[in-house]
*Asks:* 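Structure incoming, see below.
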Amino acid sequence: MAAGLGAEPLSFSAPAKVNLCLAVRFPPQDGYHQLDSVFFELPLADRMAVRVILLEGGRPASVTSAGTVVSLDCGALDVAVRDNLVFKAVEGFEEALGARLAGPDEALLVHVEKNIPAGGGLGGGSSDAASMLRACCALAGVLPDDQRVQRLARSLGADVAFFLQGGTALMTGRGDVLEEALPAFPLPLVLMGESRGLSTPAIYRSFDEDPAPAGSALELASALRGFDPQRASRADKLRLAQLCSNNLEPAAFKALPSLRKRVERARADEDVLHALVTGSGATSFAICEDLDAARRFEQRARSYCSWTRVC
Ligand code: C5P
């Protein structure tokens, strides 16, 4: 083991994402939709600390199929440990690599400080899972680009593979195949939060009843490659922003009419180039020309959003 009992905790940042473009195809195959998406990693992040400790009584813990005792603390997150993607990442890693991450007298202690709202289309659970996989790799002395780890990431959830990569990326397949790493999105975003989350499977089901036409993630990817932030005019920025789209949006609007109102209000704001829902919602985001515009818009958006954040 590269890091183990008595070592300093391994700490990881587990960033949120937005889908700058989400182009979902119809019909689904085997319960999943093929899609093209430009993912963008945000500075908003959960924090994860992982360490191996001597087994002690009194701490709530679950045991993986390989026999490792895992004590997982995700604060107020209301998910049973065995259903938590972080636990599934540990169990899956041990199975896929034939490894034990802690000895019989030890426990794996995992603490996650949740900063990313759940059910918001920001990928918090998937990002935590990817960070846990990084921690497992560090503990077992395996590289995260090991094919077994990459396969496991895809099996844990469609977004987990992106979080192992990070940055800005064009993803295809179920959203789990890295097509191309891209330059960072050059315009500031303002996240707009909802007080309630939306269920991803329910939004996909609603999409299937009335599939909306998809935009082109490939076009956005190509525009990002050619974009020169130093020379870009407002018109260039507007063109780039308007290539961002999400065809799950009508289904999210149907499930949550207040979300439509919020996004339409943002779109009508003079400081906003474009606004859209991320993933299956319920978080949305506005794209602004520069940081001053983003800050001005955020001031106004605070009055009609549950929370806001300039990224
Ligand atoms: O992979 P993940 O667990 O994040 O997906 C949650 C649900 O979202 C899936 O069970 C499926 O209903 C839907 N989904 C889909 N097509 C995708 C990704 C997710 O239909 N490409």
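Counting starts at 1 for both ligands and their atoms, in listed order.
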*Asks:* Around atom CD of Glu289, are there more than 12 heavy atoms of other residues, nucleotides or ligands at under 6.0 Å?
*Replies:* yes
*Asks:* For Thr200, is at least one N or O under 3.5 Å away from an N or O on ligand 1?
*Replies:* no
*Asks:* Mark the output for Gly31 as yes if a heavy-atom distance to ligand 1 is under 4.0 Å, and as no if none is.
*Replies:* yes
*Asks:* Looking only at N/O atoms, are Ala158 and ligand 1 under 3.5 Å apart anywhere?
*Replies:* yes
*Asks:* How close does the nearest protein non-hydrogen atom get to atom 16 (N) of ligand 1, and which residue and atom is it?
*Replies:* His33 N, 2.9 Å
*Asks:* Report, in ascending order of atom number, the atoms of ligand 1 lying under 4.0 Å from any heavy atom of Leu35.
*Replies:* 21 (N)
*Asks:* Would you please determine whether Asp159 falls within less than 4.0 Å of ligand 1 on a heavy-atom basis?
*Replies:* no
*Asks:* Side chains of Phe185 and Val18: does their closest heavy-atom pair fall under 4.5 Å?
*Replies:* no
*Asks:* Show the atoms of ligand 1 that are less than 4.0 angstrom away from any heavy atom in Gly157.
*Replies:* 1 (O)
*Asks:* Taking heavy atoms and a distance under 4.0 Å, where does Tyr204 meet ligand 1: side chain, backbone, both or neither?
*Replies:* side chain
*Asks:* Looking at Arg300 and Asp271, is there a salt bridge between them, counting it only when a charged N and a carboxylate O are closer than 4.0 Å?
*Replies:* yes
*Asks:* Are Leu42 and Val38 joined in one hydrophobic group, where the rule is that I, L, V, M, F, W and Y side chains link up if heavy atoms are under 4.5 Å apart?
*Replies:* yes
*Asks:* Can you pull out the closest protein heavy atom to atom 17 (C) of ligand 1? Residue, atom name and distance to 0.1 Å, please.
*Replies:* Tyr32 CD2, 3.3 Å
*Asks:* Under a 3.5 Å threshold, yes or no: a donor from one side chain and an acceptor from the other, between Ser131 and Asp128?
*Replies:* no
*Asks:* Test the Arg174-Tyr32 pair against the cation-pi criterion, namely NZ or CZ under 6.0 angstrom from the six-membered ring centroid and within 45° of the ring axis.
*Replies:* yes
*Asks:* Report the C-alpha separation of Phe39 and Asn19 in whole Å, then their side-chain angles, then the decisive distance to 0.1 Å, and conclude whether the side-chain contact (heavy atoms from CB on, under 4.5 Å) test is met.
*Replies:* CA-CA 5 Å; Phe39 281 69; Asn19 302 91; 3.5 Å; yes
